[in-house]
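Notes to accompany the following structure.
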2 protein chains.
Amino acid sequence: MDDVDRALIAELQRDAAQAYALLGRAVGLSAGAAHDRVRKLRERGVIRRTTVEVDPAALGQGVLAFVMVDSSAWMGEASESFAAIPEIQEAHVIAGTASVLVKVRTATTEQLQDVLRRLYAIEGVNGTQATVVLETFFERPVRAD
Amino acid sequence: MDDVDRALIAELQRDAAQAYALLGRAVGLSAGAAHDRVRKLRERGVIRRTTVEVDPAALGQGVLAFVMVDSSAWMGEASESFAAIPEIQEAHVIAGTASVLVKVRTATTEQLQDVLRRLYAIEGVNGTQATVVLETFFERPVRAD
DNA sequence: TCTGAAATATAATGTGC
DNA sequence: GCACATTATATTTCAGA
């Protein structure tokens with residue numbers, strides 16, 4: 001995991017569809033060497049997968065909200081309960097008054113309300129505190145360099 | 001933007017490195033037809049780019065926190081001020097008491113503290129309320145199906 | 001661990017349906 | 001808009017340094 005690996009990752013985050021020859025040139029390596037390093041980064045799990053970034057609004061998910069989920073019980077084993085709600089994009093156990101923070105995308109605020117209803121149905125959930133996003137400044141990949 | 005397009009996007013989110021022949025088979029299309037639809041989805045901006053998903057911990061960013069940024073002034077034009085802090089992965093203008101919600105990744109809590117310091121330095125920022133993530137249940141792509 | 005080249009597979013394009 | 005065929009291009013592998 002040296003500077004060349006980090007540069008490769010940064011390039012791949014920018015465009016994972018480019019040829020290895022180009023990728024190698026960007027970091028000062030031959031196509032074969034770039035290929036080899038990327039393969040190892042995948043094997044070691046540093047690179048988890050190649051994926052596409054989509055426009056949520058184009059998929060009919062123009063509403064973004066963060067929801068603090070308050071609970072009475074220990075939520076450390078409740079991962080599946082949250083994963084079962086498809087509108088939830090992220091779920092994190094947090095330190096503080098609430099116990100879980102979730103990121104939710106829906107088409108409408110009515111659907112957001114329905115997600116809150118389903119969150120209340122999870123065993124141990126006491127309350128929710130939803131914060132609706134008015135504008136997203138930016139969402140960018142994990143910093144590689 | 002029909003069900004086939006949505007299925008294509010879901011498949012590409014799972015693995016954007018697969019061949020068009022496989023991709024087409026997964027949604028009941030020939031390789032050429034799949035290729036054509038994906039090209040159009042890119043042109044229309046539904047698919048923004050092909051990228052790689054990385055393990056933040058492997059890049060030395062094991063600390064994740066969400067920070068509510070309170071402000072006195074209107075923060076609607078402050079995008080660049082937040083973007084200038086590389087540890088900030090996402091920044092959203094929100095409805096509610098705070099005005100901006102940011103997602104931050106650092107190596108240590110000391111570095112998180114330093115990010116808070118830099119947030120305070122932004123014109124109009126009154127205070128911050130950081131919530132450290134203890135465990136991430138999941139982070140998954142935008143729902144396509 | 002890299003380079004360079006050869007074999008193999010895929011992408012991209014165009015034609016007809 | 002889809003399927004098929006053809007060309008161009010990239011991936012993948014391997015020998016050698």
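We name chains A, B, ... by the order of the sequence lines, and we start the count at 1 in each one.
Sequence neighbours left out, the pairs with a member in residues 8-34 of chain A that pass salt bridge (charged side-chain N to carboxylate O under 4.0 Å, His left out) are Glu11(A)-Arg14(A). The ring-ring contact (aromatic ring centres under 6.0 Å, His included) analysis of residues 21-42 of chain B, with sequence neighbours excluded, yields the pairs Tyr20(B)-His35(B).
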- A correct 5'-to-3' footprint of nucleotides 10-17 of chain C, with B, S and - meaning base, sugar-phosphate only and no protein heavy atom under 4.0 Å, is SSBB----
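Judged purely by atom type and a 3.5 angstrom limit, Arg143(B) has no side-chain atom pairing as donor or acceptor with the backbone of Leu59(A). A distance-only check finds no donor-acceptor pair linking the side chain of Gln89(B) to the backbone of Arg105(B) [under 3.5 Å].
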- Are Arg48(B) and Glu139(A) close enough, and set up right, to give a salt bridge (charged side-chain N to carboxylate O under 4.0 Å, His left out), and what steps lead you there? CA-CA 12 Å; Arg48(B) 286 178 175 153; Glu139(A) 291 180 292; 5.3 Å; no
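By the side-chain contact (heavy atoms from CB on, under 4.5 Å) test, Ala7(B) pairs with Val27(B), sequence neighbours left out.
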Listing, residues 121-137 of chain B side-chain donor-acceptor contacts under 3.5 Å, not counting sequence neighbours, or none:
unit_1: Thr136(B); atom_1: OG1; unit_2: His92(A); atom_2: ND1; d: 2.9

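Comparing the local axis fitted to the first five base pairs of the helix from dT1(C)-dA17(D) to dC17(C)-dG1(D) with the one fitted to its last five gives a bend of 30°, rounded to 10°.
If you take CG of Leu29(B) and P of dG1(D), they are 12 Å apart, rounded to a whole angstrom. In this structure, NZ of Lys40(B) is placed 7 Å from P of dC2(D), rounded to the nearest angstrom.
Among Leu12(A), Asp36(A), Asp5(A), the one residue that satisfies the side-chain contact (heavy atoms from CB on, under 4.5 Å) test with Leu41(A) is Asp5(A).
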